[in-house]
S.K.: 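Take this structure first; my questions come after.
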There are 2 protein chains.
Amino acid sequence: MARTKTDLDRSAKEQEILVVAQKLFVSLGYDATSMSRIAEDTGVAPNTLYWYFTDKDALLIAVLDRLVSAAFREYERRRKAPLERQLLWILGELKDAEGLIATVHSRTSVAPSLDAWHTNFHRMLELTLLTQLRAHGVAEEELGHAAKTTIFVIEGMLAHPSSAAEQRAFVRWLVSTIEPKRT
Amino acid sequence: MARTKTDLDRSAKEQEILVVAQKLFVSLGYDATSMSRIAEDTGVAPNTLYWYFTDKDALLIAVLDRLVSAAFREYERRRKAPLERQLLWILGELKDAEGLIATVHSRTSVAPSLDAWHTNFHRMLELTLLTQLRAHGVAEEELGHAAKTTIFVIEGMLAHPSSAAEQRAFVRWLVSTIEPKRT
DNA sequence: ACCTGAACACCGTTCAAGT
DNA sequence: ACCTGAACACCGTTCAAGT
């Protein structure tokens, strides 16, 4: 069923919309970004957006997917770095998306599709963190708790900003309590 | 300047509104609760609310203050309990307000008054947690990091619900890594 | 001082109509 | 298939007017 020509056009237009939406969501926040504004910046009528995305939450999910997959591609290069540096990198990487993370948390109860995306994202995150911690010698029975703690601390640090120096000290302390002592 | 009579009336009406707002915010969520609905359930016209509260965020802050001070009164009785039990109690206590916590985080960037409330709340929370951890024998240089970790983990557990059994196991593990080993 | 009816400027979304 | 103008039902908030 190769309707290739049309499909390319469609996904090109989708991407065009998503680039605009991402920029606005990240800079203004989800609530403060109206569909009209996204349409205006894309150069279409407001209701045109609904031909490409079912609603505003679908738009948000698509934007989140873009952000996450971009971050994951970058992350591949840092798989071998020490744990402490990896965590600090993640913190810097997610800094811009801090507002969107808070939005996701506040909308899981009201938008089932977003809730599904959220649980799935955490599954992925936990999985990669598990293998990462295992590689760094964390004991098998502690892996689950250690991974959860790490994730929660990252989210906490994003929601409650502190200075770069404090961040480094905190992450160092966290890693030292989680990683087995070196001899 | 004792305008006592009027002041009493006023604060009585305020409380009446707050009881309604609290019930709706907790059950429906902040966004899903309209000012009109609060007014309707209180039995006044929508714009009447603005005579008592400057805007919807002021209403939210007043509700949060009610919830927090009630929780703190209850907490006084549990100051002496073991750390593990204290944390589990807090988790249960905040469970209903989970949605509001997420709302606070997502609105700090857009509502300065809420942001101020939020930082102040965390200051209080951190302070009581610090004395609590100190009393449980946590080393002085670790206090700050341990308190932060505890707070972040609590917030994380609220935002990402798990079974009661998992909660207990996780909290037990957390306390065991933070508290000094007993001999 | 306290409360309201009516209006304002917005919002996300839908629908009938055009090409 | 793609896009739009116009409308719908809402939203938080303001304002002039009443008592």
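Numbered from 1 within each chain, the chains take letters A, B, ... in sequence-line order.
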S.K.: Has A:Lys56 got a side-chain atom pairing as donor or acceptor with A:Tyr30's backbone, closer than 3.5 angstrom?
M.R.: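 Checked: pair present.
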S.K.: Among D:dC3, C:dC2, C:dT4, which is the nearest nucleotide to the side chain of B:Ala45?
M.R.: C:dT4
S.K.: According to the Watson-Crick and G-U wobble definitions, with both distances under 3.5 Å, which nucleotide is paired to D:dT13?
M.R.: C:dA7
S.K.: Quick one: do the A:Arg79 and A:Gln86 side chains pair a donor with an acceptor below 3.5 Å?
M.R.: no
S.K.: Can you tell me the distance, in whole Å, between the NZ atom of A:Lys13 and the P atom of D:dA1?
M.R.: 17 Å
S.K.: Measure the distance from OH on B:Tyr52 to P on C:dA1 and round it to the nearest whole Å.
M.R.: 12 Å
S.K.: Round to the nearest Å and state the distance from B:Glu14 atom CD to C:dA1 atom P.
M.R.: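 Taking atom P of C:dA1 as the reference, CD of B:Glu14 is at 15 Å.
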S.K.: List the steps and the verdict of side chain to side chain contact (heavy atoms under 4.5 Å, CB included) for B:Thr103 and B:Asp31.
M.R.: CA-CA 8 Å; B:Thr103 299; B:Asp31 281 324; 5.8 Å; no
S.K.: Check the surroundings of atom NZ in A:Lys95: do more than 12 heavy atoms from other residues, nucleotides or ligands lie under 6.0 Å from it?
M.R.: yes
S.K.: Would you mind reading off the distance between B:Glu40 atom CD and D:dC11 atom C1', rounded to a whole angstrom?
M.R.: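 Between C1' of D:dC11 and CD of B:Glu40: 15 Å.
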S.K.: Could you check whether A:Asp41 pairs with A:Arg37 (Lys NZ or Arg NE/NH1/NH2 to Asp/Glu carboxylate O, under 4.0 Å)?
M.R.: yes
S.K.: How many whole angstroms separate atom CZ of A:Phe53 from atom C1' of D:dC2?
M.R.: 15 Å
S.K.: Using purine N1 to pyrimidine N3 plus N6-O4 or O6-N4 for Watson-Crick, or N1-O2 and O6-N3 for G-U wobble, both under 3.5 Å, which nucleotide pairs with C:dT19?
M.R.: D:dA1
S.K.: Give me the one residue out of B:Glu141, B:Glu179, B:Glu140 that meets salt bridge (Lys or Arg N to Asp or Glu O under 4.0 Å) with B:Arg134.
M.R.: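 It is B:Glu140, the one option of B:Glu141, B:Glu179, B:Glu140 that forms the salt bridge (Lys or Arg N to Asp or Glu O under 4.0 Å) with B:Arg134.
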S.K.: In the 5'-to-3' direction, what one-character label does each nucleotide of nucleotides 12-17 of chain C receive under the scheme B = base within less than 4.0 Å of a protein heavy atom, S = sugar-phosphate only, - = no such atom?
M.R.: SBBB--
